[in-house]
Engineer: 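Take this structure, written in structure tokens, and hold onto it; I'll ask about it next.
In listed order, ligands and their atoms are each counted from 1. This chain uses plain numbering: 1 for the first residue, then up along the sequence.
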Amino acid sequence: MPSSILKKILVIDDDSITRKALVKILNNAGYEIFEADNGNLAINMFKIHTPDLILLDVVMPGMNGYEVCAKLRLLIDYHNLPILMLTGLTDAESVNKAFNAGATDYITKPINWTLLEQRVRYAIRATDMHRSLQTNKAKLEQAQHIAKIGYWEIQLDSNEVVCSSELMQLLNLNKSLNNRPIEKFLKMVHPDDFDRLQKTFINSINNAKPFQIEHRIIRNDGKEMHVQQQTEIIFDINNNPISIIGTLQDISEIKSAKDLISYQQYYDSLTDLPNRKSFMVHSKNVIDGPDHRNEIIVTCLIGVDKLKIINETLGHDAADEVILAYTQRLKTLNSGNNIYISRYKDDSFALLATAIMDYLQVNDLITQITALSKKPIWLGEHEIHISTSIGLSLFPLDNDDFDIILKGAENALNRARDNGGAQAVYYSEKMNRKARARMDIERDIRKGLERDEFVIYYQPQIDIHSGLVSGMEALVRWMHPVKGIILPPAFISVAEESGLIKQLGNVVLRKSCQQTAVWNRRGLGGLRVGVNLSPKQLLNKDFQNEVVSAIKDSGLPPSLLDLEITESMAVKNIKNVIASLKQFQDIGVTISMDDFGTGYSALSYIRQLPINIIKIDRSFVKDIGAGDDGSIAKAVIAMAHSLGKTVIAEGVETEVQLDFMFENGCEEIQGFYFSQPLPADEFEKFVIQHNTLQTRQHSN
Ligand code: C2E
Ligand code: CA
Ligand code: CA
């Protein structure tokens, strides 16, 4: 058993018989033995022979065993030496005394010889193992030093952190910081990384899962360091986490080398924008990512026209300046954080816009991009006018494979350039036709406003109890010189998008007020006119003044003007909307909620809005009497009534529907059953006829 070098044992006992027996047995077992019969001799021999184990009798003349043991322990560097006490006294007190003096273990007298040999062997082996562990630890520490790895442990009950000396050195920490609460250490974490680290940490504790994280540290000498941490959780026997141990590695050097490589690989050095490669990786990830059912993703290539000419005439630096200036402008697009901007080629950029809800927004985006090149770029005294060619391809309309989408956008960009630049071209012909049609309409609306082609039709609303006309909705019609009468759905959205709705809305408002004031003066029965508002109008700061002047100029009693808003207008900016509506009510104007029941707002939300009238949407009415038993309509009406408002049913076309509304307590009816929207003169005739008939029926 003993290794090639004999292990040395020092036997200390005043009783020569026991001593000789011990020497003999242990000699036979292969140990080298030294003996002493008293404490003083023993200590001297110890110094000379440096034994691997000591057997020490307790009861001896002169120094007793406890004293000898304590003295031996004082000789530094030998605190790991196994000292086995030989004692006949096994009472608790003397055992305690032995351990207090520094004994490793004790053996009772009379000695059980077989057991003795085993105990000695184990004690020596344990010491050996401990020693090799120590060497390994030293080696490990050296390795950690080279790898710049430090080690820490947090006791979860006390929150205190114990750090290895390497860690203290790495972080330039004062020794006094050891065994301090975690908060002291967290102070060093870079503020931009703090939240992420804290979340990871808390998550790790809550889920008892190890983690790995890279973050920055700012040492107290101001040096910024990139570190990587890796943790393990230590559990007690009941599987409760008791501590977290972790290593922290300084990866600053690795990081900066890696950063530089990946920067060059993925970024454009002139603009600092992601390059083409990044754009491809990013876009592929986005498009292959989860669930785009409700969004359009726009891939947009923007080529700066004639950059080559700038390059050849004003020089390379000038071309760079132009690119830089345009980059700054492009960045302003990303206020919603949904646009990924990259430098695609020398003279082009690529954009990926996500979370686009409809084609109107696609159009908005193009309008914004086009506007970016409207102002000239100044290079010293040179005023450079630029324009851009834009190629667009849409997910999912054009394809759902990014490679094909990108090819499509390139294709479109080339077509835009071939057509002379300064324009946007879609990959799909259908979108191009749509875009062209939209531009035509916009131009025509402008002309139509100049030529006063917009007229107002009025659709009567009937009070269900008196049967008389109580008011009307003003509905705009476009008398197009070539196309004839055009209905609002064909142009309102274009007007909204182009901003022309402001002007158009004002025309509708003024005309409706004037006409209604005329009818009021003629004694047509105090008719109330409902005017539809677009979202852009309501939040426009001039709008309030426009309403006031329309009322004033026409002489219309404010209580006869009703403004129709929709749920979607209100939810966008409810505070401002409420304030603005209240101001209208303060001057006597009433407010209707149009298309009630079609939005998504909770009732509690609508309850906050200052509203006088609720208009139940036509979609709840149209199938009543044709398969629909009206249970949803009933619920919607009840909901409107629960808000305590007057209810108008829209789109009532049949007698069945009229009866239904009557039975369910609707106050007013609007719909083809009574009349289509009519031009002013016909509307006037309708009111007179209808009211006369009603009055006659009533008096009969
Ligand atoms: P709306 O406010 O819901 O107007 C009611 C629409 O339903 C009108 O269509 C009207 O002709 C139609 N309608 C009325 N009764 C019936 C019926 O019994 N059956 C059927 N099938 N339809 C009926 P219109 O005039 O085409 O207007 C459509 C939408 O255009 C309006 O919906 C409104 O949102 C908008 N609009 C109309 N005029 C203006 C305006 O001056 N400014 C703004 N911003 N929007 C307007
Ligand atoms: Ca309406
Ligand atoms: Ca409506």
Engineer: Just verifying a value: how many Å separate Lys511 NZ and Gln515 CD, rounded to the nearest 0.5 Å?
Structural biologist: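 Between Lys511 NZ and Gln515 CD, I get 10.5 Å after rounding to 0.5 Å.
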Engineer: Would the Tyr426 and Tyr359 ring centres measure less than 6.0 Å apart?
Structural biologist: no
Engineer: So which of the N, O or S atoms of Glu473 lies nearest the Ca ion (ligand 2)?
Structural biologist: OE2
Engineer: Kindly write out the residues that satisfy side-chain hydrogen bond (donor to acceptor under 3.5 Å, both in side chains) with His641, not counting sequence neighbours, or none if the list is empty.
Structural biologist: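 Result, side-chain hydrogen bond (donor to acceptor under 3.5 Å, both in side chains) vs His641: Glu667.
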Engineer: Less than 3.5 Å apart, any donor N or O on the side chain of Asn506 or Gln537 sitting next to an acceptor on the other?
Structural biologist: no
Engineer: Quick one: give me the number of protein N/O/S atoms under 3.0 Å from the Ca ion (ligand 3).
Structural biologist: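 For the Ca ion (ligand 3), the figure is 4.
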Engineer: Is it true that Ser470 and Glu668 share a donor-acceptor pair across their side chains at a distance under 3.5 Å?
Structural biologist: yes
Engineer: Name all residues meeting the side-chain hydrogen bond (donor to acceptor under 3.5 Å, both in side chains) criterion together with Ser554; count only those two or more places apart in sequence or in a different chain, and write none if there are none.
Structural biologist: none
Engineer: For the atom pair CD (Gln608) and CD1 (Ile606), what is the distance rounded to the nearest 0.5 Å?
Structural biologist: 10.0 Å
Engineer: Using a cut-off of strictly less than 3.0 Å, determine whether Ser592 has an N/O/S atom near the Ca ion (ligand 2).
Structural biologist: no
Engineer: Between Phe349 and Tyr326, is the gap from one ring center to the other below 6.0 Å?
Structural biologist: yes
Engineer: With side chain to side chain donor-acceptor pair (under 3.5 Å) as the test, would you mind laying out the steps for Asp595 and Thr566 before giving the verdict?
Structural biologist: CA-CA 7 Å; Asp595 306 341; Thr566 58; over 6 Å; no
Engineer: Starting from the N and O atoms of ligand 1, collect every protein N/O partner closer than 3.5 Å and put each pair on its own line with the distance to 0.1 Å.
Structural biologist:
from: ligand 1; atom 1: 2 (O); to: Glu473; atom 2: OE2; distance (Å): 3.0
from: ligand 1; atom 1: 2 (O); to: Asn532; atom 2: OD1; distance (Å): 3.1
from: ligand 1; atom 1: 2 (O); to: Asp594; atom 2: OD2; distance (Å): 3.0
from: ligand 1; atom 1: 3 (O); to: Asp595; atom 2: OD1; distance (Å): 3.4
from: ligand 1; atom 1: 15 (N); to: Gln459; atom 2: NE2; distance (Å): 2.9
from: ligand 1; atom 1: 18 (O); to: Phe672; atom 2: N; distance (Å): 2.8
from: ligand 1; atom 1: 19 (N); to: Glu653; atom 2: OE2; distance (Å): 2.5
from: ligand 1; atom 1: 21 (N); to: Arg618; atom 2: NH1; distance (Å): 2.9
from: ligand 1; atom 1: 21 (N); to: Glu653; atom 2: OE2; distance (Å): 3.1
from: ligand 1; atom 1: 25 (O); to: Arg477; atom 2: NH1; distance (Å): 2.8
from: ligand 1; atom 1: 25 (O); to: Arg477; atom 2: NH2; distance (Å): 2.9
from: ligand 1; atom 1: 38 (N); to: Val476; atom 2: N; distance (Å): 3.3

Engineer: Tell me if the aromatic rings of Phe660 and Phe620 count as close, with their centers under 6.0 Å from one another.
Structural biologist: no
